[in-house]
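Here the structure comes first, spelled out in structure tokens, and everything after it is commentary.
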Amino acid sequence: MSAARGTDPDDERRPGDDSGTTARSGSADAAGDGDGTVEANSRPVQPPEGDESAVSSVESREFEQFRDDLDSVERRLAGEIDPGARAMVVAVAVFALLLSLALPHAGTARGFDVLLNTEASTIEHIGLPSRLFVAFIAVFGIGFSLLALMTRRWVLAWIAVAGSAVAIVFGVLAIWHRQTPGLDNYVGAGPGIGLILGVLAVMTLTFHWVRVVWSRTAMHLAAEEQRRNAAAAAENEERRRLLGE
């Protein structure tokens, strides 16, 4: 009976099998729990891939902070001119206008006499066209041209262009007036060198100012078109982001 019990395969297998199975299962569970815990704690948390809307939203917010500064800089640059090499030509034309005022316009009456309405201008019977011509070249041809060159302001250049263009008309009328008999067939001195030089100088000045202003106007139009295209593109991009397209 004892031998039978000692050699019973079931009795010998059950204790060993239970302990071995329990040990193996426990070690496997422990290893599994340990591995799972390490992997869960050591795995880095990464942001979801392909989330471009969040990135674009952050970039748009950062750009909005500087939009006012960019707009102010753009407006300031849009109001300036860059005459380049024409600045030297304009300066020479302004100097020629100043020289024309120091030279005779008719007889003994110089340009400054016409401008200040001195006795010499009265003796030479200086007419209204000559007085208006001298006034326009002094204010617009010299004054506003110098201000536009020093400040590089687009508005001042436009004013110089307009005034100089009107001065050309008065200059041509002044030359015609000096060659036309007056009341009682009075024939005075013809146009002097100062009057002719002033007309030529203001023509040159007007031509180059027009070229400078016109080129700047074309740049303004191109900048406005580019700004409208950029605004439309930004609006479309924002709409697609909100709609999730």
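Start at 1 with the first residue, then count along the sequence. A quick note: this is a predicted structure, and the numbers were derived from the prediction, not measured.
Side-chain contact between N117 and T122 is present, with heavy atoms from C-beta onward closer than 4.5 Å. In this structure the side chain of I142 reaches within 4.5 angstrom of the side chain of L101, judged on heavy atoms. Residues F133 and I168 are not in side-chain contact: their nearest non-hydrogen atoms beyond the backbone lie 4.5 Å or more apart.
Note that CG of L149 and CZ of R86 are 13.0 Å apart. Values are rounded to the nearest 0.5 Å. Distance check, rounded to the nearest 0.5 Å: CD1 of I137 to OG of S100 gives 4.5 Å. A distance of 11.5 Å separates NE2 of H177 from CG of L195, quoted to the nearest 0.5 Å.
Nearest approach of D113 to T108, heavy atoms of both residues: OD2-O, 3.8 Å.
A distance-only check finds no donor-acceptor pair linking the side chain of R131 to the backbone of L115 [under 3.5 Å].
With no hydrogens or angles considered, no side-chain donor-acceptor pair links W209 and S164 at under 3.5 Å.
H208 pairs in a side chain to side chain contact (heavy atoms under 4.5 Å, CB included) with only one of the listed residues (T204, V210, T206), which is T204.
Transitive grouping of hydrophobic side chains (ILVMFWY, heavy atoms separated by less than 4.5 Å) keeps V134 and F95 in distinct clusters.
Using cut-offs of 30° and 60° for the angle between ring planes, the F140 and F144 rings count as parallel.
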